[in-house]
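Here's the structure, in structure tokens; my notes come after.
Below, chains carry the letters A, B, ... as their sequence lines are ordered, and counting in each starts from 1.
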2 protein chains.
Amino acid sequence: MGKINIKSIAAALNLSPATVSRALNDSYEIREETKQRVLAYAAKHNYRPNPFAKHLKTGKTNLIGVVIPFLSSPFFLEFIDELYKLAMLHHYTLLPFQTQNREEIEKEALDFLIRQNVAGIIISPAFENSNTALLRDIHHQYCPVILFDRIQHDLNTYKIGIHNSLETFKATEELIKKGRTRIAFLCGKDIGNTKDRIRGYKNALHNYGIPFQKEYVIDADYQDPTEDIDSELKEVFKKLQASNHMPNAIVGGTDTLSIKILGVLADLDLRVPDDVAVIGFTNTNLADYLNPALSTIRQPTQQMAQLTLDLLIPLIEKQQNRQGMVYENFLLEATTCYRKSTDI
Amino acid sequence: MGKINIKSIAAALNLSPATVSRALNDSYEIREETKQRVLAYAAKHNYRPNPFAKHLKTGKTNLIGVVIPFLSSPFFLEFIDELYKLAMLHHYTLLPFQTQNREEIEKEALDFLIRQNVAGIIISPAFENSNTALLRDIHHQYCPVILFDRIQHDLNTYKIGIHNSLETFKATEELIKKGRTRIAFLCGKDIGNTKDRIRGYKNALHNYGIPFQKEYVIDADYQDPTEDIDSELKEVFKKLQASNHMPNAIVGGTDTLSIKILGVLADLDLRVPDDVAVIGFTNTNLADYLNPALSTIRQPTQQMAQLTLDLLIPLIEKQQNRQGMVYENFLLEATTCYRKSTDI
DNA sequence: TTGTATGCGTTATCAT
DNA sequence: ATGATAACGCATACAA
């Protein structure tokens with residue numbers, strides 16, 4: 001069987017390519033009977049439009065760019081995974097990119113996506129307000145951009161995330177209720193969510209009359225989850241031990257840190273949860289196998305992916321002035337799973 | 001600044017589009033000076049060829065399809081990650097797909113990739129000889145296909161993996177040398193590598209005069225790492241305990257099982273490594289944080305990704321009869337990391 | 001060595 | 001309601 005395209009269909013049905021195209025695109029200016037005849041023939045011969053030709057003509061693709069800090073983080077991995085399943089249903093193809101939390105790489109990725117003529121972009125920015133101007137240009141003039149997870153960003157668009165301060169509040173509160181008062185908060189560099197999470201942590205302390213101590217907010221300034229953050233963290237906790245300020249509970253503010261801290265504490269011969277209770281933000285289904293099983297605040301990745309596409313696809317398909325729109329923020333609810341690391 | 005394409009470059013330099021195209025494509029039938037003039041102008045204006053137009057004309061894309069069982073496995077994730085970095089350098093775009101170990105989904109993915117006109121395909125098949133006929137057709141008539149990891153497949157092409165039997169032999173031997181003799185082998189459904197790994201396991205037993213026991217080859221027939229394999233495994237080991245046949249060492253034959261087994265053993269109040277030593281195939285950098293830190297056989301993902309592209313790109317770029325070629329198998333060396341789970 | 005003309009598969013504009 | 005034709009950006013056969 002030869003190549004099956006609009007021209008060959010037209011020839012077979014004694015129609016012009018234009019008419020066939022109209023039938024295929026559900027145009028109104030075509031006779032119902034003709035349309036059905038074309039559709040039937042196309043279906044029978046399993047016709048698939050050539051996406052490249054289509055794009056060359058229309059300037060539009062079915063590509064969705066996905067820009068995330070890294071895949072080697074359970075949360076982002078799960079999110080992308082869900083996105084894949086859904087995008088396929090809608091006949092969109094995903095083009096995922098990693099930024100390693102670096103603005104230059106993010107810019108490269110965005111440039112690349114533009115050249116690929118993506119129809120839309122889903123992004124969790126490298127950090128708060130990274131590439132703001134570029135993203136704004138893209139969103140206004142080029143294709144819709146939607147933010148997820150790291151939604152503390154000036155770009156005016158739909159934002160999908162969780163209520164970071166509330167979730168951190170709940171986690172901190174849980175530790176307080178278990179009788180812990182020297183609670184440390186572990187955070188990475190400023191990726192936008194950090195501020196809110198610290199706020200939730202502080203609020204919980206304040207609500208229960210526990211004085212906030214600056215030294216209990218511990219930064220680990222990594223760019224990449226594969227980096228050696230362990231020794232850095234170990235130093236910090238050694239110092240706290242030495243000055244007799246060792247916390248008896250820790251809230252892990254990022255996916256990566258929540259996992260790594262367990263090894264650090266073990267190295268310092270601190271027992272979890274007896275000496276130090278730990279709860280962390282993370283989506284890994286490995287939490288059960290960690291040492292010990294880790295209590296986690298789990299983001300609803302499936303729901304986030306669904307909502308993201310539900311918002312993006314209409315933006316792609318309806319032509320409109322995105323600059324003037326009013327966008328909503330969506331804060332979904334996370335699930336807290338209490339495991340051994342907080343089982344006091 | 002207006003659109004920058006071949007036509008606009010030609011106009012700016014008082015040349016014809018054809019000449020500009022030739023300069024850009026490093027044609028021999030062009031004067032060096034002219035070529036440089038075009039190249040300089042193109043570079044200065046950051047010209048990027050429109051991949052869609054290019055494809056429409058040439059019938060070729062810069063897309064590489066990557067088909068793997070799932071992303072939620074540290075090994076595949078690392079591999080894809082490395083592939084990304086390398087593909088970008090060569091100006092290829094990756095189109096990753098997951099099969100969940102299911103032949104139908106694999107077929108769908110392959111069909112999709114064909115429709116997208118990919119230039120080549122990198123695949124770790126759903127299982128031994130899944131979609132053999134289809135893959136053969138694709139490789140012979142459509143675009144080059146390269147196998148990695150699960151290389152027990154009839155498709156005649158380049159295959160990149162590790163020496164499964166040898167690596168399993170070494171791991172088993174290590175446990176024997178530590179004095180363990182009741183060694184179980186954990187394996188998933190037949191994904192091609194399983195056979196070889198069991199062979200290595202058996203050889204090691206045989207070499208040290210340890211009788212092989214069928215009940216020590218333990219199948220966990222899962223399709224997806226997120227499945228609940230734990231209870232199934234727990235049942236098996238409970239029975240072994242009851243019949244007083246509990247092994248004192250375990251070799252984990254897959255990524256997923258190696259991680260999960262630790263939780264199962266903990267649930268059964270078995271101490272690792274005292275009661276049972278464990279070593280597993282896996283690439284997770286979380287091995288250090290597992291309970292206890294897991295000894296691992298780690299595949300050289302970076303090297304595998306590099307080699308895969310080094311083999312694939314020439315196949316893509318040189319037209320040739322792939323059917324008649326002689327292909328080599330590449331068995332790379334894995335690294336064994338001994339951690340606490342074998343520290344007897 | 002360079003230019004002219006054509007076509008890849010599709011959609012859009014203008015006729016009819 | 002349908003057809004003829006041009007155009008998207010590029011590469012190439014052929015002409016010069």
Margin query: Can you confirm if the aromatic rings of A:F112 and B:H91 lie within a centre distance of less than 6.0 Å?
Written below: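 For B:H91 and A:F112, the ring centres are not under 6.0 Å apart.
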Margin query: Can a donor-acceptor pair be found, under 3.5 Å and without considering hydrogens, that links the side chain of A:H153 to the backbone of A:S130?
Written below: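 Checked: pair present.
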Next item on the list: Using atom types as modelled and distance alone, determine if a side-chain donor or acceptor of B:S21 lies under 3.5 Å from a backbone N or O of B:P17.
Entry: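 Absent.
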Does any donor atom in the side chain of [X] or [Y] lie under 3.5 Å from an acceptor atom in the other side chain?
X: A:N101; Y: A:R150; answer: yes
X: B:Y142; Y: B:N117; answer: yes
X: A:N46; Y: A:R48; answer: yes

Round to the nearest Å and state the distance from [X] atom [atom1] to [N] atom [atom2].
X: A:I6; N: C:dC8; atom1: CD1; atom2: P; result: 13 Å
X: B:L24; N: C:dT2; atom1: CG; atom2: C1'; result: 16 Å
X: B:N117; N: C:dG9; atom1: CG; atom2: P; result: 10 Å
X: B:N25; N: C:dT2; atom1: CG; atom2: P; result: 15 Å
X: A:I9; N: C:dT11; atom1: CD1; atom2: C1'; result: 14 Å

Next item on the list: Hey, which sits more toward the 5' end of DNA chain D by its nearest nucleotide, B:N5 or A:E29?
Entry: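 In this pair, the answer is A:E29.
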Next item on the list: Could you please spell out the steps behind the ring pair (Phe, Tyr, Trp, His ring centres under 6.0 Å) verdict for B:H139 and B:Y327?
Entry: CA-CA 13 Å; B:H139 184 59; B:Y327 297 99; 5.5 Å; yes
Next item on the list: Would you sort out whether A:L24 and A:L39 count as a side-chain contact (heavy atoms from CB on, under 4.5 Å), showing the intermediate values?
Entry: CA-CA 7 Å; A:L24 260 16; A:L39 256 31; 3.8 Å; yes
Next item on the list: Could you check which residues of residues 48-58 of chain B get a heavy atom under 4.0 Å from DNA chain C? Sort them by number, please.
Entry: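 Nucleic-acid contacts, sorted: B:L56, B:K57.
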Checklist line | Criterion salt bridge (Lys or Arg N to Asp or Glu O under 4.0 Å) on A:K35 and A:D26, from CA distance to verdict | finding: CA-CA 8 Å; A:K35 185 197 285 187; A:D26 206 26; 2.8 Å; yes
Check: Where does the chain A footprint on DNA chain D start and end, counting 5' to 3' with a 4.0 Å heavy-atom cut-off?
Finding: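 Range of nucleotides touched by chain A: D:dA1 to D:dG9.
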Checklist line | Qualifying residues under side-chain hydrogen bond (donor to acceptor under 3.5 Å, both in side chains), relative to B:T301, sequence neighbours excluded | finding: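 B:T301 satisfies side-chain hydrogen bond (donor to acceptor under 3.5 Å, both in side chains) with B:E78 only.
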Next item on the list: List for me each residue that meets side-chain hydrogen bond (donor to acceptor under 3.5 Å, both in side chains) alongside B:S27, sequence neighbours excluded, and say none if there are none.
Entry: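 side-chain hydrogen bond (donor to acceptor under 3.5 Å, both in side chains) list for B:S27, sorted by chain: empty.
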Next item on the list: Start with the C-alpha distance between B:V38 and B:T19, add both sets of side-chain angles, then the distance that settles side-chain contact (heavy atoms from CB on, under 4.5 Å), and finish with yes or no.
Entry: CA-CA 9 Å; B:V38 172; B:T19 305; 5.5 Å; no
Check: Which ones in residues 11-23 of chain A lie close to DNA chain D, meaning a heavy atom under 4.0 Å from one of its atoms?
Finding: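 By residue number: A:N14, A:L15, A:S16, A:A18, A:T19, A:R22.
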Next item on the list: Please lay out, stage by stage, how A:Q98 and B:D81 fare under the test side-chain contact (heavy atoms from CB on, under 4.5 Å).
Entry: CA-CA 9 Å; A:Q98 305 180 63; B:D81 217 31; 2.2 Å; yes
Next item on the list: Give the angle between the helix axes at the two ends of the helix from C:dT1-D:dA16 to C:dT16-D:dA1, taking five base pairs at each end and rounding to 10°.
Entry: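 Helix axis angle between the two ends: 50°.
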